[in-house]
2 protein chains.
Amino acid sequence: MSGMERRPTLHDVAREARVSAKTVSRVLNGEGPVAAATRERVLAVVARLGFRPNLMARSIRTGGPDSTVGLVLPELGNPFFGALAGGVEEAVRGRGLTVLLGCSGGDRAREAEVVGAFLARRTSALLVVPAGGGETLAAAAGAGVPLVYLDRPGPGADCVVSSNRAGARAGVAHLVAAGHRRIGFLGDLPASMYTRRERLAGWREALAAAGLPAPDALVAGARTAAAAERAALALLALPEPPTALFASNVNAATGALLALGRSGRRDVALLSFDDLPLAEVLEPPLSAVAQDPALLGATAARLALARLDGDATPPRTETVATRLVLRPARP
Amino acid sequence: MSGMERRPTLHDVAREARVSAKTVSRVLNGEGPVAAATRERVLAVVARLGFRPNLMARSIRTGGPDSTVGLVLPELGNPFFGALAGGVEEAVRGRGLTVLLGCSGGDRAREAEVVGAFLARRTSALLVVPAGGGETLAAAAGAGVPLVYLDRPGPGADCVVSSNRAGARAGVAHLVAAGHRRIGFLGDLPASMYTRRERLAGWREALAAAGLPAPDALVAGARTAAAAERAALALLALPEPPTALFASNVNAATGALLALGRSGRRDVALLSFDDLPLAEVLEPPLSAVAQDPALLGATAARLALARLDGDATPPRTETVATRLVLRPARP
DNA sequence: ATGAAAGCGCTAACAG
DNA sequence: CTGTTAGCGCTTTCAT
C-alpha cells in the first residue's frame with residue numbers, strides 16, 4: 001500500500017533505464033538518432049512507470065506558447081454557444097491543442113479577468129465573443145497572441161460573423177414574397193448590439209427592395225422571451241398591425257410563439273433568425289434563417305491557427321453563410 | 001517598430017524596480033512583509049511593463065497541480081452538456097480554477113486521449129461524462145487526481161447523476177393519474193445505457209405501483225429523432241396501442257412530437273424526460289421531467305473541490321433532483 | 001549515438 | 001523587511 005506516490009519524472013525514467021535524461025527526452029520527442037535497443041528499453045520503462053511528460057515544464061523550457069486555445073463565451077446555457085464551442089474544439093484538436101473555456105457572462109470586467117488568466121497561462125490563441133467593444137481585448141492581446149472575435153466584430157483583429165444582414169434580408173424577403181406588406185421586427189436589446197443592428201438593417205433592406213415602408217412603429221425590442229411576448233402583443237395591438245413577424249433571435253421567436261399561441265392567433269406569419277430545435281414540430285412549422293455555430297467556431301479556429309503559422313496579413317473578417325430553412329405547413 | 005517583444009518576466013520587473021526577484025514574487029503573492037514603498041514601486045513597474053506572472057512556471061515550482069479542471073463531454077451540440085459545462089465553470093471560477101474542455105464524441109479511445117492530455121497538463125481534477133464503462137478512467141486517475149463521473153456512474157470514484165428513476169416514475173405516475181392504462185416507453189439506444197435503464201425502471205415502477213402491466217411491446221428505442229418518430233408510429237399502430245407516450249429523452253420527445261403532429265393525432269398524451277426550451281409554446285404545451293444540468297455540473301465541481309481539500313472518505317454518489325413541470329392545456 | 005551542464009520563469013528554504 | 005541560493009521537470013546547448 002503505497003498511498004499516492006509522486007508522479008514519475010523524466011529523471012526517474014532515465015535512472016531506471018540507465019540512460020541520461022536527454023536520451024529519454026529524445027525518445028519521447030522522436031528527435032535525433034537513438035539506438036533501437038535503447039529506445040525499446042526507455043519505452044518499456046515509460047510504460048511500466050506510467051510516465052507522462054509534464055507539458056507545463058516542457059512549455060516553460062521551450063518558451064513557446066502553451067498548447068491551449070482560450071475560448072471566451074458569454075454563457076453556456078445557450079445552445080448556440082455550446083455548438084460554437086464544439087466547433088472550436090474539433091478544429092483545434094487535430095493540432096494537438098486543448099480548449100480553455102471561460103465565461104464572461106456578457107460582462108466586460110469578467111471578460112478581462114478571464115482573458116488575463118488565459119494570457120497568464122500563455123494560451124497560444126484567444127477566441128472571444130466580445131462582451132463590450134473589445135478595446136481591452138485588443139490591448140491585452142497585443143502581446144503577440146492571435147486574437148479572433150467571434151459572432152461580433154472588434155478592433156484590430158480577425159473576426160468571424162454570420163451573414164446577419166443578408167440572412168435577415170432573405171428571411172424578410174420571403175415574407176414579402178408571401179404577400180405581407182407590414183412585417184414587424186422583434187429584436188434584441190440593447191438596440192446597439194451588433195447582431196441586432198445588422199439584422200434590423202437586413203429587415204429594412206428587404207422592405208426597401210420591395211418598395212415598402214419600414215416604420216419605427218413596427219420595430220420592437222426585448223431581452224427575454226417573456227418581454228418579447230409582451231412586445232409582440234403590443235405590435236399586434238397597433239392600429240395598423242403587422243400581418244407577419246420577423247423574430248431576430250431565439251428569445252424573440254419564443255416570445256412571439258407564446259404571444260401567438262396564447263392569444264390563439266393563427267393569422268400572423270412568423271419567421272425567425274437562428275433556428276430552433278423543435279421548429280419542425282410546431283404548428284405551423286416555423287421557418288427560420290439558420291446559423292451554423294459550429295462552423296463559426298471552426299472558422300475562427302482556422303484563422304487563429306493560420307496566424308500561429310505565421311500569417312501576418314492585415315486582420316480580416318470572415319462571414320459564415322446563413323441558410324433559409326423553409327418549413328411549409330403540413331398537409 | 002519593435003515587432004513582438006518577449007513577454008516580460010519576473011526578473012525584468014525586479015531589475016526595473018531595483019529589487020530582487022523574490023521581493024517581486026512576494027508582492028505578487030501578497031505573502032510575507034514588504035515595505036509599502038517597495039510594494040508601490042514594484043506594482044508600478046508591473047503595470048508599466050504589463051507583466052503577468054507565468055502560471056505554468058509557478059505550477060512547476062510549487063509542484064502542486066495546475067489550476068485547471070478537466071471536463072470531458074460526449075458532445076457540445078446538445079444543450080444539456082452546454083448547460084452542464086456552464087455549471088462547472090461557474091462553480092470552479094470562485095476558486096481561481098479554469099476549465100479545460102474536451103470532447104470524447106462518446107468514443108472511449110478519444111476519451112482516453114483527452115484524459116491523457118489533461119493528466120499531462122497536471123489538471124487538478126477530472127470531471128467526465130464517461131463514454132464507456134469508465135474502467136480506463138479509474139486507472140488513469142489513480143494518480144491522485146480527483147475524478148468525478150458525471151451523468152452516469154463509473155467504478156471507484158465519485159459520481160453525480162440526475163434522479164432518473166424517481167423522475168421517470170413521477171412522470172409516468174402523472175400519466176397514470178390522468179387515467180392512462182397503456183403508456184408507451186420511448187427510450188434511448190443502446191438499451192444498456194445507464195440513463196435509459198434507470199428511466200425504464202422508473203416507468204416499470206410507476207406502472208407496477210398502479211397495478212398495471214408493463215409489457216415489452218410498449219417499449220421502443222431509437223437514437224435519433226427520425227428513428228424515434230418511426231418507433232412512435234409503430235407503437236401507435238399496435239393492436240392495443242398506448243393512449244400516452246413517455247419519451248425518455250429529448251430525441252425521443254422530438255420524434256414523438258413529429259409522429260403526433262404529422263399524423264394529426266391529438267388523442268395521445270405525451271410527457272418527456274428532460275425539458276425542451278419550447279415546451280411551453282407547443283400545442284398542447286408539453287409537460288416534462290426537468291433535469292438541472294447546471295446544478296449537475298456545479299455539484300460535480302463541488303465534490304472534486306472537496307477532494308482537493310483533503311476529503312478522503314469513500315467514493316460517493318450524489319443525486320440531483322428532477323422536477324416535474326406540468327403544463328396544462330391553454331384555455 | 002549518448003551525456004553533462006546550463007537555464008526557462010518562478011518559488012522554497014534559508015539566510016541576513 | 002530583503003536578498004541568495006537552489007531547484008521544480010523539462011529541453012537546449014555543446015561535448016564526447
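Below, chain A is the first sequence line, B the second, and so on; all start at residue 1.
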Chemist: Between B/Glu40 (CD) and D/dC1 (P), how many Å, whole number?
Modeler: 14 Å
Chemist: Test for a donor-acceptor pair under 3.5 Å between the base of D/dG3 and the side chain of B/Arg26, counting only N and O atoms.
Modeler: yes
Chemist: Look at the side chain of B/Arg61 and the base of D/dG7, then say whether one donor and one acceptor between them are separated by less than 3.5 Å.
Modeler: yes
Chemist: Does the distance from a Lys or Arg side-chain N to an Asp or Glu carboxylate O, for B/Glu113 and B/Arg108, drop under 4.0 Å?
Modeler: no
Chemist: What about A/Lys22: does its side chain form a donor-acceptor pair under 3.5 Å with the base of C/dA4?
Modeler: no
Chemist: On DNA chain D, check which nucleotide each of B/Gly63 and B/Pro33 is closest to and give me the residue with the more 5' one.
Modeler: B/Pro33
Chemist: How long is the line joining CD1 of B/Ile60 and P of D/dT11, in whole Å?
Modeler: 10 Å
Chemist: With nearest nucleotides of DNA chain D determined for A/Pro53 and B/Ala21 from heavy-atom distances, which residue corresponds to the more 5′ nucleotide?
Modeler: B/Ala21
Chemist: Taking B/Leu127's backbone N and O only, do any of them form a donor-acceptor pair with B/Tyr149's side chain (distance below 3.5 Å, no angle check)?
Modeler: no
Chemist: Can you see if the side chain of A/Thr23 gets near the phosphate of C/dG3 - specifically, an N or O under 4.0 Å from OP1 or OP2?
Modeler: yes
Chemist: Measure from the side chain of A/Arg58, starting at C-beta and using heavy atoms only, and say which of D/dC10, D/dT2, C/dG9 lies closest.
Modeler: D/dC10
Chemist: Is B/Ser20 close enough to D/dG3 that one of its side-chain N or O atoms is under 4.0 Å from OP1 or OP2 there?
Modeler: yes
Chemist: Under 4.0 Å between a Lys/Arg side-chain N and an Asp/Glu carboxylate O for B/Asp309 and B/Arg302?
Modeler: no
Chemist: Would you kindly give the CE-to-P distance between A/Met56 and D/dG7, to the nearest whole Å?
Modeler: 20 Å
Chemist: Would you classify A/Ser59 as touching base, sugar-phosphate or nothing, given that sugar-phosphate means primed atoms plus P, OP1 and OP2, and contacts are heavy atoms under 4.0 Å?
Modeler: nothing
Chemist: B/Glu31 CD to D/dT2 C1': how many Å, rounded?
Modeler: 13 Å
Chemist: Below the 4.0 Å mark, does C/dT11 have OP1 or OP2 next to a side-chain nitrogen or oxygen of B/Thr62?
Modeler: no
Chemist: Below 4.0 angstrom from OP1 or OP2 of C/dC8, is there any side-chain N or O of B/Asn54?
Modeler: no
Chemist: Take the protein atom CG of A/Leu28 and the nucleotide atom C1' of D/dG9, then report the distance between them rounded to whole Å.
Modeler: 12 Å
Chemist: Nearest-Å distance, CG (A/Leu10) to P (D/dC10)?
Modeler: 5 Å
Chemist: Taking CG from A/Asp66 and P from D/dT11, how many angstroms apart are they, rounded to a whole number?
Modeler: 14 Å
Chemist: Determine whether any donor atom in the side chain of B/Arg122 lies under 3.5 Å from an acceptor atom in the base of D/dG9, or the reverse, and answer yes or no.
Modeler: no
Chemist: Give the minimum heavy-atom separation between B/Val99 and B/Glu89, together with the two atoms involved.
Modeler: CG2-CA, 3.7 Å
Chemist: Return the minimal non-hydrogen interatomic distance between A/Ala91 and A/Leu305, and the atom names on each side.
Modeler: O-CD1, 4.1 Å
Chemist: What is the separation between atom CZ on B/Arg41 and atom P on D/dC1, rounded to the nearest whole Å?
Modeler: 14 Å
